[in-house]
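Shown next, in structure tokens, is the structure this report addresses.
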Amino acid sequence: MDYNKLYSETANSMKASAIRELLKIIAKPEIISFAGGLPDPNLFPEKEVAQAMQNVMQNTPREALQYGTTEGQIALKNQLVKLLKDSEDIDAATEEILVVSASQQGLDMTARIFLDRGDAIITSSPTYLGALQAFSAAGADVFGAQSDEQGVMPSAIEARLKELQEAGRVCKFIYLVPDFQNPNGLTIPESRRLEILKLAEKYGTLIVEDSPYRQVRFEGIAPKTFYKLDQGRGNVITLFTFSKVFVPGFRLGYVVAPKEVIQKYVILKQAIDLCTSPMLQLAAAEYLKSGHLFTHIQEVVKVYRQKRDLMLEMLEKYMPKEVTWTKPEGGLFLWVTLPENINAQEMLKLSLQEHVAYVAGVDFYPARDAKYNDLRLNFSYSSPQQITEGIQRLATTIKKLLA
């Protein structure tokens, strides 16, 4: 059977995740991996999760084991309303929230709802690889806006918006990860967020705010979210997830948007999977109601701060002077820039020979902006000993290429 003639245009255009493919290669125990974006499993609140699930099965077993509403279990949505108010001072009604199977499903749904093949969107450059995959699968024409040490530049976004306007095209949305961005770890200052909001209003486009890392802040004061700064004007859709601050295995996230937009998401989700697991939603509601989340986040922040500090210390100690890196105030990643003559994608083969892995930066750029001398390092998953040894191995690889 020749399946190629039967596949859809979308299926034929899809590419495997560079990170997921790499994780298959680096499963060997001798390899130290900075490649994934995995939380530290030693921090999972196993006892509290077990208790929450036990409570669900004792108190609401039929609701937990039955089909649920597409919009999300009301017990969880009520807790999300409280969480948004307590943590972000966001006043959201339950009708403005949709529970999804983590923010990756939210990204896929956003692409399907807003994009026809060939439609233009703007992202920061670099940006989250999983978002680029979702948007590319929908046939988006992705325009990157340049970033500096404070994240994406409003002037670069406006230049792209003008370019599209002059070509008679509409930018469907601007996609941003404003806090501790994946991959570079940078945070957009509040002043820039306000500038970008004004641009969105001026050019009649949306901002899709992806916020998986926001609560993992080590230092400094958090800028207000785009959603909060928008003050209910309807220019922002925000995606949240519990994967980085609770447990990724639950695959729980939620979309916050105007009611009429949420209705479009609901109709699409009915066609995709009917509903997100009621059992896991109710367990998450129990966990939130118990008040454990903020205590857990404090422990996550403490441990990840120590790991970030150690990785920065080891980079300073072992890297040659030609190499630079970001110093994130939170999150899970930092971004390393090599001399322009070193291709990080090609260097990965040598790095694996030294038994250390990373993700080449080229995979995080829209196609128009491809650069080859960057790489992403994750510090949340590895142990302190692995961070120390792994950075030495990586530095050894780079020094060989500079010799």
Side-chain angles (χ1 to χ4, degrees), residues 9-10 13-15 107-178 181-184 186-210 223 225-227 229-239 257-258 260-261 264 340 361-372 374:
E9 183 181 346
T10 297
S13 67
M14 291 189 302
K15 295 181 180 179
L107 288 169
D108 176 64
M109 294 173 70
T110 300
R112 297 198 205 192
I113 288 168
F114 289 101
L115 298 177
D116 292 314
R117 189 159 293 277
D119 279 349
I121 63 169
I122 295 172
T123 73
S124 60
S125 185
T127 193
Y128 171 49
L129 169 60
L132 289 176
Q133 284 185 294
F135 303 150
S136 296
D141 190 4
V142 184
F143 290 80
Q146 188 177 352
S147 300
D148 62 13
E149 67 279 356
Q150 292 187 311
V152 67
M153 296 185 290
S155 59
I157 291 177
E158 184 163 28
R160 287 300 199 187
L161 287 167
K162 284 182 178 178
E163 176 185 347
L164 291 169
Q165 186 181 67
E166 289 169 0
R169 303 181 68 184
V170 174
C171 173
K172 287 295 189 76
F173 57 78
I174 303 166
Y175 169 77
L176 300 170
V177 185
Q181 193 224 41
N182 180 357
N184 59 25
L186 299 177
T187 296
I188 303 172
E190 194 165 305
S191 58
R192 283 195 177 185
R193 298 181 191 213
L194 290 168
E195 286 184 66
I196 294 167
L197 271 169
K198 288 180 181 178
L199 290 172
E201 285 191 299
K202 178 180 177 181
Y203 288 89
T205 191
L206 287 169
I207 293 172
V208 176
E209 175 183 32
D210 195 359
T225 64
F226 275 99
Y227 199 91
L229 292 170
D230 190 48
Q231 297 181 334
R233 291 192 292 267
N235 300 304
V236 180
I237 296 169
T238 300
L239 311 178
E260 63 188 272
V261 176
K264 292 291 186 183
E340 290 188 2
V362 65
D363 295 308
F364 298 94
Y365 286 101
R368 287 179 174 86
D369 305 330
K371 287 179 63 181
Y372 292 88
D374 300 305

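These numbers come from the heavy atoms of this one structure, side chains and all, not from hydrogens, waters or symmetry mates. Starting from 1, each residue takes its place in the sequence as its number.
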Please evaluate residues Arg193 and Asp230 with respect to the criterion salt bridge (Lys or Arg N to Asp or Glu O under 4.0 Å), reporting the C-alpha separation (whole Å), side-chain torsions for both, the decisive distance (0.1 Å), and the verdict.
CA-CA 10 Å; Arg193 298 181 191 213; Asp230 190 48; over 6 Å; no
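- Looking at residues two or more places apart in sequence or on another chain, you find a side-chain contact (heavy atoms from CB on, under 4.5 Å) between Lys264 and Ile113.
- Scanning for ring-ring contact (aromatic ring centres under 6.0 Å, His included) contacts around Phe135 gives Phe173, Tyr175, with sequence neighbours left out.
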Let me see the working for Phe114 and Ile237 under side chain to side chain contact (heavy atoms under 4.5 Å, CB included), right down to the final yes or no.
CA-CA 12 Å; Phe114 289 101; Ile237 296 169; 3.6 Å; yes
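- Gln181 and Ser124 share a side-chain donor-acceptor pair at under 3.5 Å.
- Sequence neighbours left out, the pairs with a member in residues 117-132 that pass salt bridge (Lys or Arg N to Asp or Glu O under 4.0 Å) are Glu9-Arg117, Asp119-Lys172.
- Annotation: side-chain hydrogen bond (donor to acceptor under 3.5 Å, both in side chains) contacts of Thr238 (sequence neighbours excluded): Glu209.
- Residues Pro223 and Thr187 form a side-chain contact, since some pair of their non-hydrogen atoms from C-beta on lies under 4.5 Å apart.
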Can you give the donor-acceptor pairs under 3.5 Å from side chains of residues 154-163 to other protein atoms, not counting sequence neighbours?
unit_1, atom_1, unit_2, atom_2, d
Glu158, OE2, Lys202, NZ, 3.3
Arg160, NE, Gly144, O, 2.7
Arg160, NH1, Glu163, OE1, 3.0
Arg160, NH2, Gly144, O, 3.3

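- At a threshold of 4.5 Å between non-hydrogen side-chain atoms, the residues Phe364 and Asn182 count as touching.
- Not a single donor-acceptor pair under 3.5 Å links the side chain of Thr127 to the backbone N or O of Thr123.
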Criterion side chain to side chain contact (heavy atoms under 4.5 Å, CB included) on Leu197 and Ile207, from CA distance to verdict
CA-CA 8 Å; Leu197 271 169; Ile207 293 172; 3.7 Å; yes
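- Using a 4.5 Å heavy-atom threshold, the side chains of Ile196 and Val152 count as touching.
- Ion pairing between Arg192 and Asp148 holds under the 4.0 Å rule for side-chain N and carboxylate O.
- Pro258 meets the side-chain contact (heavy atoms from CB on, under 4.5 Å) test with Val261; sequence neighbours excluded.
- Side chain of Asp108 to main chain of Arg112: no donor-acceptor pair is present (N/O by atom type, distance under 3.5 Å, no hydrogens or angles).
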Residues Leu206, Val236; criterion side chain to side chain contact (heavy atoms under 4.5 Å, CB included); working and verdict:
CA-CA 6 Å; Leu206 287 169; Val236 180; over 6 Å; no
